[in-house]
Student: 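Below is one structure. I have some questions about it.
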Amino acid sequence: WVTESLRSALTGRSFALPSDGQIVATRVGAVEGDASIAVSRGKRRHILDVTFEVELEATVGESKGRGRLHFSEVTSGDDEPEVKLELDAGVPPALREVFDAFAKPAGQGLQPLLREAIRGIVEEYKAR
């Protein structure tokens, strides 16, 4: 359930750049980790600890570049996941700046949109 929910919620999310362009989440890669619901003494415990990557594509004018956001330690707790940006080797310097400004920061650009969707999935999972 978690894997399919992440793929449907994150794939296609986009952020329109202030200039002519956008960054789009094109695919969610393999989701690894644990997601289980345990019942002990009548109390439900939601255990979630997953890692996955979201493939990105940035377009500015005619330039295109690809990269990935690696999300690790996505848990059912209140802690924010760790996120790391990795760019493909052929990304032009101008697009590297776009990724650094609008995909890497947790406070602006595409990443806050993805984090919000992930929080929604975690909350829905905890309500199951």
Student: Taking Thr11 for the side chain and Ser8 for the main chain, is one N or O donor matched with an acceptor at less than 3.5 Å?
Tutor: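 It does not hold such a pair.
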
Student: Quick one: pull up CD in Glu55 and CD in Glu86 and give me the separation to the nearest 0.5 Å.
Tutor: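 Reported to 0.5 Å precision, the distance equals 10.5 Å.
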
Student: Do Glu123 and Lys126 meet the salt-bridge criterion of a basic N to acidic O distance under 4.0 Å?
Tutor: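 Yes, this pair counts.
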
Student: Rounded to the nearest 0.5 Å, how far apart are CD1 of Ile118 and CD of Glu80?
Tutor: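 One finds 9.0 Å between CD1 of Ile118 and CD of Glu80.
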
Student: Please report the shortest heavy-atom distance between Pro81 and Val74, naming the atom on each side.
Tutor: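 Reported closest heavy-atom pair: CB-CG2, 3.6 Å.
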
Student: With a 4.5 Å limit on heavy-atom distance, are the side chains of Leu87 and Leu56 in contact?
Tutor: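 A side-chain contact is absent here, since even the closest heavy-atom pair is not under 4.5 Å.
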
Student: So if I apply the side-chain contact (heavy atoms from CB on, under 4.5 Å) rule between Leu10 and each of Leu113, Val54, Thr26, which one comes out positive?
Tutor: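 Exactly one option meets the side-chain contact (heavy atoms from CB on, under 4.5 Å) with Leu10, and it is Val54.
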
Student: So Leu114 and Phe71, side-chain contact (heavy atoms from CB on, under 4.5 Å) or not? Walk me through it.
Tutor: CA-CA 10 Å; Leu114 298 177; Phe71 286 85; 4.2 Å; yes

Student: For residues Pro112 and Ala106, report the shortest heavy-atom separation together with the two atoms involved.
Tutor: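 Heavy atoms only, the tightest pair is CG-O, 3.3 Å.
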
Student: Could you walk me through whether Glu124 and Trp1 pass side-chain contact (heavy atoms from CB on, under 4.5 Å), step by step?
Tutor: CA-CA 11 Å; Glu124 187 177 343; Trp1 179 88; 3.4 Å; yes

Student: Please find the pair of heavy atoms, one from Ala103 and one from Gln111, that lie closest to each other, and give the distance.
Tutor: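 Of all heavy-atom pairs spanning Ala103 and Gln111, the closest is O-NE2, 3.1 Å.
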
Student: I need the minimum non-hydrogen distance between Ser19 and Val60, along with the two atoms involved.
Tutor: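 Distance-wise, the nearest heavy atoms are OG-CG1, 4.2 Å.
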
Student: Any side-chain heavy-atom pair from Lys104 and Val83 closer than 4.5 angstrom?
Tutor: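 When only atoms from C-beta onward are counted, Val83 and Lys104 do not touch, as no gap falls below 4.5 Å.
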
Student: To the nearest 0.5 Å, tell me how far Phe102 CZ sits from Gln108 CD.
Tutor: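 Here the interatomic distance stands at 5.5 Å.
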
Student: Rounded to the nearest 0.5 Å, how far apart are OG1 of Thr59 and CG of Leu17?
Tutor: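 Output value for this atom pair is 8.5 Å.
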
Student: Using only atom types and a distance under 3.5 Å, with no angle test, would you say the side chain of Arg45 pairs donor to acceptor with the backbone of Ala38?
Tutor: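 Absent.
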
Student: Is there a chain of hydrophobic side chains (I, L, V, M, F, W, Y, each step under 4.5 Å between heavy atoms) that links Ile37 to Leu48?
Tutor: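 Linked, Ile37 and Leu48 end up in one cluster.
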
Student: Quick check for you: to the nearest 0.5 Å, what is the distance between Glu57 atom CD and Arg27 atom CZ?
Tutor: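 Result: 13.5 Å between the selected atoms.
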
Student: Would you call the rings of His46 and Tyr125 parallel, tilted or perpendicular, where under 30° means parallel and over 60° means perpendicular?
Tutor: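 Taking Tyr125 first and then His46, their aromatic rings stand perpendicular (interplane angle over 60°).
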
Student: Would you compute the distance between atom CG of Asp34 and atom CD1 of Ile47 and round it to the nearest 0.5 angstrom?
Tutor: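 Spacing of CG (Asp34) from CD1 (Ile47) equals 8.0 Å.
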
Student: Do Phe15 and Val24 belong together in a cluster built from hydrophobic side chains that touch within less than 4.5 Å?
Tutor: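 No, because Phe15 and Val24 fall into different hydrophobic clusters, even though each may have its own neighbours under 4.5 Å.
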
